Protein chains: 2
Amino acid sequence: MKYRRVPDETIRRLPVYLRGAIYFSRQGMKSVSSEKLAGLVGVNSWQIRKDFSYFGEFGTPGVGYDIGTLIKHIQRILRLNVVHKAALVGAGNLGSALLAYPGFRMYGFEIAAAFDMDKRKVGKKRAGVVIEDMAKLRTLKARYIRLGIIAVPEEAAQDVADQLVLAGVKGILNFSPRYVSVPSKVKIITIDIAMDLACLPYYTPAG
Amino acid sequence: MKYRRVPDETIRRLPVYLRGAIYFSRQGMKSVSSEKLAGLVGVNSWQIRKDFSYFGEFGTPGVGYDIGTLIKHIQRILRLNVVHKAALVGAGNLGSALLAYPGFRMYGFEIAAAFDMDKRKVGKKRAGVVIEDMAKLRTLKARYIRLGIIAVPEEAAQDVADQLVLAGVKGILNFSPRYVSVPSKVKIITIDIAMDLACLPYYTPAG
DNA sequence: GTTTGTGAATAGTTTCACAGCA
DNA sequence: TGCTGTGAAACTATTCACAAAC
């Protein structure tokens with residue numbers, strides 16, 4: 001296929017395919033068709049084939065995709081083939097849930113450090129990770145931690161983001177319900193878990 | 001403006017605008033321009049004006065949008081002007097975090113019930129909500145609870161979704177990292193908090 | 001027979017530029 | 001002057017249909 005810019009939407013779907021491929025792999029399957037994968041992850045089969053086609057041909061007509069190859073391929077495209085260390089800021093309810101969440105490992109992430117403003121929490125452990133003082137954020141660079149996760153109350157979000165940027169992180173996952181501004185060299189993704197729910201009533205007329 | 005189907009993307013942005021409007025309202029402001037709102041929420045001003053234009057004219061040229069009117073308008077469009085009761089299934093780490101999350105109230109949601117498979121948790125309280133036995137799910141309809149939130153391990157997600165559908169919910173917010181299938185009359189939104197993070201390394205080359 | 005890969009057609013979304021109103 | 005509302009243009013993404021590969 002002649003070169004075309006990869007759509008952002010395609011990138012957004014790759015983790016879904018990766019999860020599906022890992023699932024089939026654990027079931028002991030060796031290869032899978034776009035139709036089968038489509039059934040599992042809830043995306044059309046032609047959409048899946050189109051998405052994969054942006055990265056060259058790696059399926060076998062009449063057979064499907066080799067699951068091992070597929071996993072490696074997607075991991076390399078998304079740069080998930082190396083372990084990415086992340087720092088969590090905020091060890092409250094949400095932060096603790098994130099520390100215990102098994103989903104990060106699946107994509108090669110490791111929450112390697114946790115921080116909290118509350119001095120009483122400092123030194124305690126959550127899911128095997130020792131909570132550190134906010135002042136220690138400056139050590140991130142030396143510890144090769146390049147991602148930050150914000151799980152603090154919204155008033156503190158911008159301040160924490162500034163500190164993370166200062167500490168040299170390259171990407172931030174923001175769980176606080178507030179838009180946060182960062183220099184353009186830093187990529188930020190904001191997830192407001194209530195916002196997705198806010199769209200639901202619109203789509204459920206007889207609610 | 002002549003009628004045109006409202007883009008899904010516009011609907012997805014409305015909660016963002018709503019949050020911004022509520023923020024300005026709390027600051028004591030009476031009206032706001034699309035430019036000001038744009039600065040807060042990180043969307044272009046013309047995008048905001050376009051989005052609003054799908055629902056008729058409610059701004060004043062030379063002045064901006066009346067904040068009170070804006071809030072009421074968006075709430076009505078999204079059907080957030082009545083309280084929506086939701087049932088949480090799964091009172092583990094994530095479930096507890098959701099129960100304590102203040103963001104739901106902002107959009108008019110109330111987690112009115114919580115359920116867990118673990119009999120030892122049944123009867124205990126989390127953030128003021130008593131955890132009930134899974135068997136009580138069948139009482140949702142009588143209690144006017146039409147939304148379900150799934151916060152259980154992925155193996156149990158499909159089963160819980162089936163039970164929620166049986167209990168008559170109209171919409172489901174799924175936090176388990178697995179695609180779940182439901183009848184087409186039920187709207188489901190799946191959030192995998194790790195999946196968003198999985199896209200980050202792709203956008204941060206020097207990671 | 002089955003399943004991939006992809007150009008072309010269709011659909012959806014964003015951006016622009018500016019007329020018109022307060 | 002300042003800001004909204006919107007048609008038209010540009011851009012992006014999805015869907016289709018089918019030739020080619022196994």
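Proteins get letters first, then strands, A, B, ... in listed order; numbering begins at 1 in each. Owing to the predicted nature of the structure, the values given are computational and were not obtained by experimental measurement.
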OP1, OP2 of D:dT4 versus side-chain N and O of B:Ser34: anything below 4.0 Å? yes
Choose from C:dG20, C:dC18, D:dT15 the nucleotide whose nearest atom is closest to any side-chain atom of A:Lys50. D:dT15
Atom CG of B:Asp51 and atom P of C:dT13: how far apart are they, to the nearest Å? 10 Å
Starting from P on C:dT13, measure out to CG on B:Leu14 and report it in whole angstrom. 13 Å
Take the protein atom CG of B:Leu70 and the nucleotide atom P of D:dC3, then report the distance between them rounded to whole Å. 16 Å
Side-chain H-bond candidate by donor/acceptor type, A:Tyr101 with B:Asp192, under 3.5 Å: yes
Please verify the inter-ring angle class for A:Phe109 with A:Phe104; under 30° counts as parallel, over 60° as perpendicular, anything in between as tilted. perpendicular
Among D:dT4, C:dT13, C:dT4, find the nucleotide with the atom closest to the side chain of B:Tyr65. D:dT4
The side chain of B:Arg13 is closest to which nucleotide in this list: C:dG5, C:dC21, C:dT14? C:dT14
Which atom pair, heavy atoms only, marks the closest approach of B:Arg178 to B:Glu155? NH1-N, 4.4 Å
Could you pick out which residue, B:Trp46 or B:Gly62, lies toward the 5' side of DNA chain D when each is mapped onto its nearest nucleotide? B:Gly62
Candidate nucleotides D:dG5, D:dT4, C:dT13, ranked by approach to the side chain of B:Ser53 - the nearest: D:dG5
Under 4.0 Å: is that the gap between some side-chain N or O of A:Asn44 and OP1 or OP2 of D:dT14? no
Find the distance B:Phe55:CZ to D:dG5:P and express it as a whole number of Å. 13 Å
Separation of atom CG in B:Asp8 from atom C1' in D:dA13, rounded to whole Å: 13 Å
Within this structure, what is the CD-to-P distance between A:Glu35 and D:dC16, rounded to whole angstrom? 13 Å
When rounded to the nearest 0.5 angstrom, what is the spacing between CG in A:Leu18 and NZ in A:Lys72? 12.0 Å
Of the listed nucleotides (D:dT4, C:dT3, C:dT14), which one gets closest to any side-chain atom of A:Pro61? C:dT3
When you get a sec, tell me which of C:dA22, D:dG5, C:dT13 is the closest nucleotide to the side chain of B:Glu57? D:dG5
Between the side chains of B:Tyr203 and A:Asp8, is a donor N or O closer than 3.5 angstrom to an acceptor N or O? yes
Below 4.0 Å: OP1/OP2 of D:dA13 and any side-chain N or O of A:Tyr54: no
Given atom CD1 of B:Ile11 and atom P of C:dT14, what is their separation to the nearest angstrom? 12 Å
Using whole Å, report how far CD1 of B:Ile48 lies from P of C:dT15. 12 Å
